[in-house]
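Below is one structure, written out as structure tokens; comments come after it.
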Amino acid sequence: MFETGLLPDWKAEPEAKYRGLLEAAPDAMVVVNQYGEIVLLNLQAEKQFGYRRDELLYQKVTNIIPKGFAERLIADGTRTAAEALDQQIGTGIELTGLRKDGGEFPIEIMLSPLENSEGILVTAAIRDISLRKAAEEHLAHMESRYRGLLEAAPDAMVVVNRYGEIVLLNLQAEKQFGYRRDELLGQQVKNIIPNGFAERLIADGTRTAAEALGQQIGTGIELTGLRKDGGEFPIEIMLSPLESAEGTLVTAAIRDISLRKDMETQNAQLHAKLRHAEKIEAIGTLAGGVAHELNNLLQPIIMMTELVLTELPADGEQAKQLLRVVDAGGKAAEIVQRILAFGRVDEACYDALDAGCVVREAIAFIRTILPSSVTLHISDIEDIGNGGTIRGNKTQLTQILMNMASNARDAIAANVGTVWISLSRLEARDARPAVRIGAVHPGPYVVLTVRDTGAGMDEATMARIFEPFFTTKDVGKGTGLGLSITHGIITSHGGAMQVDSAPGRGTKFSIYLPIEETQPVLALAS
Amino acid sequence: MDDGQQVFVVDDDADVRDSMRGMLQANGFEAHSFSSAGQFLAGSDTRHGCLIADIRMSDMSGLELQDEIIKRKMEMAVIIMTGHGDVPQAIRAMKAGAIDFLEKPFNREAMLVSVRRALIVGAEARSRNTQTRLARDLLASLTPRERSVLDILVAGRANKVVAHELSISPRTVEVHRAHIMGKMKASSMAELVRAVSIGGH
């Protein structure tokens, strides 16, 4: 701005020579000698400080810049112009200007040394920064208001710059992610939102704030948050662009949606159960209708064949063939009976039963259906004693045990394996087991488990095993009704059921039956 | 078969009732079949024997038919058939006096066992009814005075007591007693008591 070469000799060349130059400067300019006296000034300086030129000339500069200038000048006096220049003295020092009327205003001054025969002069370019200051104050005020808003927000809020760095965050963000503020400021947002956020930010970087706003960027994106302790939790974030001096920032409102997610999962499970129950009910109704029709058709098939049989010689070929028709009719009738078992579970009689007795007696039957290659292992049955009184139908409970045992046998197939049957007591208080069928309410339960070392099932198979007519067994081996009937029986007993299985890892069925307080009356009745 | 061994089959399915009628006839029963309860009820109320009716029929159900038979005092041992194994309905039918309950599809053996039993139970009931009717008819032929004498006699009183209570001579009691024995076709006091007990007062 003021090169020394332009002012070779201050005395020889009067101020007129540089007047034009000084007056053309947009800032107020004053030249101060080493005694702190103003030796030269321009029109802007007169205007800014409200003095006439002659009122200022050879006056102390402290009259118009009370603080900062003089100290600096003195300091400057102790060094050479070369040194001062080298140190770029006075690059934008903010001081306060004092007008003739006593008014103060913020100034920014830039000092540069001028060496001449009188010694070192200092040229000061003085800029009135009232407007800028006001703007800055406004900004600071806005920022504090913004911060207030930020802290008052119910969600965690982080403001991220275009490098993906966190530049601002609120208390909720600290709490949610388990960090202190200073641990997050300046860090990559990836540290707390590993996926999804950064990619979006980059995409946002390619468009203007207006465009982004126009597209309503980030309306409820579901991502995963990462806490300091390594724990993950589901979040929903809403992004909005924020124009600032540093470029477009992105404000992210982050909501912890763990609770909502849990509710959604629970709802989904409940709906699945409801759908299943509805399906079973519909099939039960359908089964009743179909059974009625089929039974009516089977009636003449069996009886007319028998009628023809009475007119044929008993040992003839035709009689033998017709006997097979009668047999087939009988088998068909049995299948229809099983289908009907759906609609009939509610009609069974329920008595107070000792669960242990029921299971012990059923085990006698189970032994007869298991081949010698399968080991039957029974545990915990005795421990239940008389405490395991349940209200139920003994025939039905025996039926489901037999059914599970035959499933275990078929799962083990021709291989050598083991079937475990156990009976235990459970106090379902706070920690209630997850179940696929029914529900476990707080209170005492007997838990009957049947576990095998068989082929196991994948999740897709497990999801369907209670559907009527769903079977993994060969044609003719299974009706696909066993577990459907089991489902109906357990539901009618107010019980619940869980299946644990994985391919190659066997299957475990757990049946929960509520214990009732009264003593059994049919403990060992046949 | 003698009178009373008739079997009536009511089912709206022609194949069902034809096969049953054929099988019953092949086993020596006099069997008739009807396609509806209405068709069966259109016949005489004095028919008796065994009725096998389906529980589900379009015009009138087997249970309603059973009620109607009871209302009309028909001497019919009822067997209810169902294609649905409906236990509560079966209980209702049995409570209303059905002899048996056949779940379709049933075979020859099940049907014949059930029908034979129904006919025996039915015949016994009919026989009881016949005796009751006979006793009632005989009692109705007595004069009011004879009926009074009979009531005191069956209470175990001697002739003299009867004479005293009715203020008549013992000789008159003797005459009434001879007439009563004759009208009631009784040969002993024991037979007289039995006739009063089943014929009512």
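So you know, we letter chains A, B, ... as the sequences are listed, proteins then strands, and number each from 1.
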Legend entry - Pairs flagged by side chain to side chain donor-acceptor pair (under 3.5 Å) wherever residues 112-122 of chain B is involved - sequence neighbours left out: D100(B)-S114(B)
Legend entry - Residues of residues 298-315 of chain A contacting chain B, heavy-atom criterion under 4.5 Å, by residue number: L298(A), Q299(A), P300(A), I302(A), M303(A), M304(A), E306(A), L307(A), T310(A)
Inset, instruction - Give, for atom CG of N296(A) and atom CE of M81(B), the distance between the pair rounded to the nearest 0.5 Å. - result: 8.5 Å
Inset, instruction - Check ring-ring contact (aromatic ring centres under 6.0 Å, His included) between H493(A) and all other residues, then give those that pass, not counting sequence neighbours. - result: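 Checked H493(A) against ring-ring contact (aromatic ring centres under 6.0 Å, His included); matches are Y350(A).
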Legend entry - Part of residues 15-22 of chain B lying next to chain A, heavy-atom separation under 4.5 Å: D15(B), V16(B), D18(B), S19(B), M20(B), G22(B)
Inset, instruction - Using non-hydrogen atoms and a 4.5 Å limit, figure out which bit of N107(B) sits close to chain A: side chain, backbone, both or neither. - result: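 Both backbone and side chain.
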Legend entry - Residues, nucleotides or ligands: over 12 heavy atoms within 6.0 Å of E191(B) CD: yes
Inset, instruction - May I ask you to check whether over 12 heavy atoms, not counting those of R47(B), lie within 6.0 Å of atom CZ? - result: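 Counting neighbours around CZ of R47(B), more than 12 heavy atoms of other residues, nucleotides or ligands fall under 6.0 Å, so yes.
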